[in-house]
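Basis for what follows: all heavy atoms, side chains included, without hydrogens, waters or symmetry-related copies. Every chain is numbered from 1, with letters handed out A, B, ... down the list of sequences.
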Amino acid sequence: MAHFHADFPWLLALCAFPLLGALACLALRRSDAACRVAGLVVSLVVLGVCGWLFVLLGGPRGTGWLLHEDLAWIPRLGARLTLGLDGLSLVLVLLTACLVVVGVLVSWRREKRAVPLFYALLLTLESGILGVFLSLDLLLFYLFWEIMLIPMFFLIGIWGHERRVYAAVKFFLFTLAGSLLMLLAILGVYLAHGHQTGEYTFALAALQNTILPAGWAPWLYAAFLLAFAVKVPLVPLHTWLPDAHTEAPTAGSVILAGLLLKTGVYGLIRFGFPLFPGPARDSLPWLAALGLAGLFWGAWVAFRQQDAKRLVAYSSVSHMGLVVLGLAVATPIACEGSFLQMLNHGLSTGALFALVGMIAERAGTRRLDELGGLWARAPVLAGFFLFFALAAMGLPGLNNFAGEFLVLVGAFRAEPWLGALGAAGMVFAAAYMLRLMQGVLWGPPRSAEPWRDLSLREGLVLAPLAVLVLWLGTHPATFQDPFRELARVLAASLGGAGGAP
Amino acid sequence: MSTVIFYVLSATALVATLLCVTRKQAVHAIVYLINALFALALMFYLLGAPLVAAWEVIIYAGAIMVLFLFIVMMFELDPAREAQRPAPARRWPVVLISAVILACSLALAFADPAGQAGVPGYYASPRAFGELMFGEYALGVEVASFLLLFAAVGAYTVGRGDEPAGGGEGRR
Amino acid sequence: MIVPFAHVLVVSAVMFVLGLGAVLLRRNLILILIGVEIMLNGVGLALVGASALWQRADGQVLVVFLMALTAAEVAISLAMVVAMKRRKGSLDADVFRDLRG
Amino acid sequence: MANLLYLLLLLPLVGGLVNALVGMRLSRRLSGGLAVAAVGAAAALCLWLYWLADGQGTRVSLLAWLESADLRVGFGLLFDRLSAPMALMVTAVSTLIHLYALGYMRAEADHARFFALLNLFVFAMLCIVLADNLALLFLGWEGVGFCSYGLIGYWYREPKNADAGKKAFLVTRVGDVFLAVALLWLFASLGTLDIDALNARAGALAPAALTGISLLLLGGAVGKSAQLPLMTWLPDAMAGPTPVSALIHAATMVTAGVYLLCRLFPLVSLSAAGLQAIALVGALTAFYGATCALRQREIKRVLAYSTMSQVGFMFLAVGVGAASGAMFHLLTHAFFKALLFMAAGCVIALAGHENDITRMGGLRRKSPLVFWSFLAGALCLAGVPLTGGFFSKDAILLAAFSRGDAFHWSVYGLGALTALLTALYTFRLVYLVFAGEARGGEHPAGHAGHDQPLPRVMRWTLPPLAALGLAGGLLNLPAGWPMAGLLDGWLGPLGGAEVRASHALELTLMGVATALVLVGWLLARRWYARFRPPAQGGLDRFLLRGWMADRAYAWLWVKPYLAVGWLLHRGVDERLIDGGLDGAARGIGRGGRLVAAWATGRLSSYLTALALGLGAMLAYFLVRQWAGG
Amino acid sequence: MSLAELFSLLPVLVLAGASLLVLMLGLWLKHLPSLVALGVAACAAAGALAVLVPPEVMEVGGMFSAARYARFFLVLWAGVVAWTLLSSVRYAAARRFQPGEWVSLLLFAGAGMALLSAATSLVGMFLGLEAFTLVLYILIAFHRGSAAGTEAGLKYLVLGVTATAVLAFGVALVYASAGTFHLPEAMAGVAGDSPLRPLGLLGWGMLLVAIGFKVSLVPFHLWTPDVYQGAPAPVAGLLAAGSKGAMFSAVVGLLAGIGLGLRDLTPVLWALSGLSMLLGTLAALRQENVKRMLAYSSVVHMGFVLMGLLDAGPEGQEAVVFYLVFYALVSLGAFGVLTAFSGEEGEPQQLAAFRGAGYRHPFLAAALAVFMLALAGVPPTGGFMAKLGVFAAAIRAGHLPLALVGVLASLVSLVYYLKLVIAMYMSAEGAPPSGSPLHRGTRLEAACVGVCLLGVLLLGLAPGALLDWIGSLL
């Protein structure tokens, strides 16, 4: 595989290309249609490249870098443009490309204001997310980490719903609160490493071996953890999420839930754990407890929601709690399940947000007590809704079950109570999802006028996702293979109890 | 001898300054200040700065204070209204702060070994002084001259009253 | 050797603080500016004293620069005071508080 | 050849998917026909491939599913002596029910969804039956849960129906959690989910683990089979169309729990405490269901409670170690209960879409075929001698009694009492529905069904089932009869411990059972042969509402759940966290106003601040100077 | 004062000379653009000279340095002045500013700032500082039609002369204890390899008050919002970008000399920095007036710069210089946008005036939004790299709590920066700005803003070149 990328920085190009697309959108600002097309084309090209990479590089892989690029950036600070693609990032990059296309398509007719800006921001966001999933230099990572933030802030703030400004600011502040501390921690590691070796660098590979001054590591790790925990989000740092998800425009919700939450977990895996293995190991019980708490908390509160979007938002808290639980028990199976679950959650929740958006567009409301009877008015749409809701509920044969089951199996092995309690979350998930289905699908339609059923564009959004959901549900190995080894190594490095024999 | 004169002059200067600070009327204050400046000029002389002493009298006491007097006269300040003593409520905090600053300054000054050293007799002759000033510090003189120039420009610009007053720009 | 340097400093410091006190106490703009002049004179004394202490004339040079500067500042200040008086009809420093917060 | 077994699963799956995806475009005839054909073909296939189950059975595996580290789960089927009859029963009964549904659903516009779900249900059920590993079984397990949800709530425009579906799904999911945990535990301790391997290696488990796992499996079974304490969903599930009730709540889904326990019987049977718990749950549920059935007024609810009660008997069988007895009763019950439900559907249609048995009556004359079929089912249910139900129930009671200790005797006592009650409520049902005069005259005229004759396909699916039900005893006649113990022999070791009982004891117990049925019938005849308005006493209401279980659960679970949800949402999320942060923000804002107010605009205050700063700094320096020496 | 020395100081002389020339030309040439052109040419010439013509001696008159550090800042300040001149052409013309005086004063302010940055002696520092401060007194009150301007000028003046007196006393005390004005020696004389002597402490106390006043550190900051609000927008930009930066560039030299003595000052610097960051942030939070908000924000930023200064090593100084360059760019940019938005009558100051600007004035509003994010320190703007540097400096010097205060301030500060962004982009649909509509801005103004925008982004994305340059200065 080494020959095809030898002289071209594919990853850098991948990160930069959407940015160019964003600039193109700004340049094309005279024509909304041109911007839409540009957005679609750019995101499709990225998807194509990612898909191509997946085809080339997918399959069972070891732990090494599938692609690795290293270019000079700020020599004086020791920061470099280091990008690397391994099995996990490969899958997440693919998910990113996929969901951005979804985001572009669901916004096609919906967002009518300041269209060029919208697509420019969406593409910038894609750049940021791709960068987060690819960068191996802490400074670069932080840069991308924050770049993600800004477009999202604008997307929520400009195109969001009623309380958009509040939600946008809350989102920004919550995330920044964590990441600023992480910045200090990055500096701490950087300085400690530089002080020790005389070589100041932000490269993850080098910093991983830093021997920190006594007593530093837990604090630095805590700062990293905080930044990532806000993004995940872990209870009790989650209250930005329902607001942001609910107020965001559909594309924003899709990307927030599908991708931004993953960056938190990814950051923990890529940076938090390797940089501070000791404290990371010590934190696992807490992480497990918080993950479990999130699992129930999110589900419990989701059940009380009256707003369909908010309900789905809280369900994300619940799902991500399970992902964290999987990581925290640190068995190979559970870690693999967590990785898989990130992908699964991205697809099914992304699709659910898209669907809620489509429904709200037709009904003019997202309140469960005002919706209802969707099946009678738009059966195809309703069918898709049912399908994705079932997937989110963890019905076996659909994607979420695969991940959840692995997580639970792994968790039970490490600590039976965790697995058992995690399994009990099934009921909670069923409770809120059934409520959502009840409110949206069943019951008498509120008015007699028929709705436009799924349009071709909407179908193009949902059908591929549905296929993926089924694929992941019945043969997840396609997507598991690339990161299997990574999960094993991660679990081994975290030294969770009850590893595979 | 000069020591005694120094202390006498110091006392004069300080008392005059105190009076200047506490007078109700601006004119009185300025006159006391001129008094203090004269004493100060003599002290400069005692400390070996004859040229500075002369300029003190000429520039400070002569030019600057007269300028002040001129302005005061121009506005015909009403003693009752313009120069009222500050209310005690405002006076005591100020006195307290000043006292603290003074006390700290003095304590620190006395704590320094340099303070114990006596001031030796010194005399900067006008010639040596002039050479220093227009030699090493010529650039400073240039800057000062620019300052004076722009002060004139500024006074002209700011003080010119040909524009209608009361433009609303920048109000809250 | 006339006096200990500390004594020169005492006089200058007292003068400086008296000037500062005037600046703080007075509300009349002109008297505030006079307070500043007192402070600067205190500084001048300290400089001349230090100049003598170190047997160098640089301190005195700075005093002269200070005088020039003072003159310049007074010119602008008074011009501005005139302008303000014309605008507000008062020389009370605290009258000018359209800008605050 | 063995790979054809996959067709068993794929036929209904494909049928369901085709109906789900393009069914709306198909004609009713085509979509219904497709569904029937799919299931019928599966039934035929099952019969054709039956020989594959002989011996150790046949295993096939197709596709890897979940793999990670040492976890290996695939789509693999196990067609053996236990699953083969079950699969055959499921497909055969389903075929008949599908046929019946063709007639029943003839007026529904949304037929495709119905047939899709029905087919998918069969697929999921076959997954349970044929799975060679517990994960695939779990897929089917959840799958039937979903399909029953969709089918119960089929008439979704009525919120009541959707609620019933939701309730069914939720309550059964509580049970599913136990099953899931059992899976996790099994995998964690035995390293496999393969059913054969689990059964083989079960001996390696610690006794405590065995008991725990058994109880968890019981928990799973309880949910799906509507046993105590997770039984409340079943009566409400009668909101679905009648074929659904027949298929799900009689023949197949509710027996999945029993099947599960039988499937893992070698494992379960190692735990004495587990078995006792199973027996106890079974006996109590049997009694509970029977008492509730005594006072129900809707025909389908009577049948629902009776199902619960009968499944309780099956649990009892498993609990006393007679897995083959459980399977026997499962099969006969499937036949006669499906028959009863389908006949009830006909009855309802004949009575003009009237559910309330107190407003029926006299239907015997309206359709003798329905009456006789129903009666056949009722006889089986009541356990009238020589019917299928008689033999299967008797086998269970015998097995319980013959264990010969106090616990099992008391369980037997409860079972016998239940048998009496069963006869009582069964004949009550028959009398109220068929005897006397029609009492539903107050119905608005012109209501559909009165004048429309029943479709032929609905009526003529009844007799085969009636025959099966009546003759079901042949499957496993007691010792001493010709062709005795067919099923026992077929199942072999899978059937659990052999019941050792003397012939005399057996005859005695049969006599007792016969007497009980007789008493029940006589009582019913006395009380119900002539219609009297139903009593409204406290006990009546108590039984009518299923021992107030719903209300109790509302107080026990639902309200606390809602309250905690409210607390977390309003209390913690909104008040504590967001409120706290908003408060902090307000506080910071207030502080900001304070700091900004410092800039008063007064020159004097600015100067004072300057002097203050100077003073503070100098004071600090002085203190430092003194302190530092 | 040899010719070689004068030659070494040529860039500053060009600025000063040009200011004199413009002043005289201005008596009969009332055409602002041509004078501006002349001024810009002078700035360009000064900058070019500074870069291209190596100085013959490194120090002029024992007061001013001609070394790379000084030259760097000369280029910066010349650029700042040229930028201010260019971006305010329409603004000045609309307010009928006296062209000659306007250009001349700005040029001289540039010269003064360059001198301050180049100062190697306390006298030089004093003179340089007073040179441009005096000019600023005038410039702030330059718009005679504006009462607020006059009030602001008066306030700055009275406080400024008081601070000057304090500064002078501080200089005198340092001189008294060290015996020389020349910086490294003076500072060494005060401290040496020991703690500061009492007189030195006293002198430093005075110096710090004066410095604190000039760069507006809490509690000496109170003039800042009033003056920013009252001053013409370009002057406020100059005040923020230039005056503070120049003062700090000199402080770098001051602190570099005192060596171990820094330890005595550290707690005070710590407190000043922390208070500035915290209280500045708090006060900015409630501002509805953009200029006041920017003023308080400058208080916060100066706190950040001071935090960087706590690390006396070259890395800390580098961080500070980088911060100053960034802050100069971003405040010029922000006030440049305000200048561009200013109509004939007034400047838009209230947040409400910016409502919906993002859609009516896409470029200027976007630039302003980027500047706000840069001020908040959000990547990929220069603000992030700048803050990174000072945080690193603080941690390196062992002041983690201060860095935490900085983090807290950054976080809260986001709220008020975002307020403006929200007003521009997220206010109610199509809300018209209250009061007079925003001016569209000329091409020249847009270009000026564009330069700042580009700079701010470049500093964030590719700061390598500037960092290397700064590294070579120290």
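Residue contact with chain C, scored on non-hydrogen atoms closer than 4.5 Å, involves the backbone and the side chain of E:Tyr137 alike. Looking at E:Ala152, both its backbone and its side chain come within 4.5 Å of chain C, counting heavy atoms on both sides. For chain E, the nearby parts of C:Ala13 are the backbone and the side chain; heavy atoms of each come within less than 4.5 Å. Interface remark: E:Ile138 contributes side-chain atoms only to the contact with chain C (heavy atom separation under 4.5 Å). With a 4.5 angstrom heavy-atom cutoff, C:Leu47 touches chain E via backbone and side-chain atoms both. In this structure, chain C has a heavy atom under 4.5 Å from the backbone of E:Ala178, while its side chain stays farther away. Proximity to chain C is absent for every atom of E:Thr133, based on heavy atoms less than 4.5 angstrom apart. Interface remark: E:Leu154 contributes backbone and side-chain atoms alike to the contact with chain C (heavy atom separation under 4.5 Å). Both the backbone and the side chain of E:Ala168 come within contact range of chain C, each with at least one heavy atom under 4.5 Å from a heavy atom of that chain.
Across C:Trp54 and E:Ser177, no two heavy atoms sit closer than the pair CZ2-O, 3.5 Å. Of all non-hydrogen atoms in E:Tyr175 and C:Gly59, the two that sit nearest each other are OH-N, 3.3 Å. A pairwise comparison of heavy atoms in C:Val43 and E:Ala165 identifies CG2-O, 3.6 Å as the closest pair. Closest non-hydrogen pair, C:Arg56 versus E:Thr180, comes out as NH1-CB, 4.0 Å. Nearest approach of E:Ala148 to C:Leu99, heavy atoms of both residues: O-CD1, 3.7 Å. In this structure, E:Ala172 and C:Ala46 approach most closely via the heavy-atom pair CB-CB, 4.2 Å.
A 4.5 Å side-chain heavy-atom check between E:Leu173 and C:Leu9 finds at least one atom pair inside the cut-off. The side-chain heavy atoms of C:Leu62 and E:Leu122, taken from C-beta on, include no pair separated by under 4.5 Å. Put simply, the side chain of C:Val61 does not reach to within 4.5 Å of the side chain of E:Val123, judged on heavy atoms.
Rounded to the nearest 0.5 Å, atoms OG1 (E:Thr162) and CG (C:Leu24) are 8.5 Å apart. Expressed to the nearest 0.5 Å, how far NE2 of E:His182 lies from CG of C:Asp58 amounts to 11.5 Å. Atoms CD and CE, from E:Glu151 and C:Met84 in turn, are 6.0 Å apart once rounded to the nearest 0.5 Å. Here the straight-line distance linking atom CG of C:Leu66 with atom OG1 of E:Thr164 works out to 9.0 Å at 0.5 Å rounding. Atom-to-atom distance recorded for E:Lys155:NZ and C:Met80:CE is 13.0 Å, nearest 0.5 angstrom.
Between chain C and the options E:Leu202, E:Leu222, E:Val166, E:Val158, heavy-atom pairs under 4.5 Å are most frequent for E:Val166. Most heavy-atom pairs under 4.5 Å with chain E, from the set C:Ser12, C:Ser51, C:Ala83, C:Ala68: that is C:Ser51. Taking chain C as the reference chain and counting heavy-atom pairs below 4.5 Å, the highest number among E:Ala131, E:Gly153, E:Ala141 is found for E:Gly153.
Pairs engaging residues 59-83 of chain C under the side chain to side chain donor-acceptor pair (under 3.5 Å) rule: B:Tyr60-C:Thr70 [sequence neighbours left out].
Chain E is approached within less than 4.5 Å, heavy atom to heavy atom, by C:Val36, C:Met39, C:Leu40 from residues 35-42 of chain C, ordered by number.
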- Task: Determine, stepwise, if the pair E:Leu199 / C:Phe5 fulfils side-chain contact (heavy atoms from CB on, under 4.5 Å).
- Result: CA-CA 12 Å; E:Leu199 261 188; C:Phe5 179 63; 4.3 Å; yes
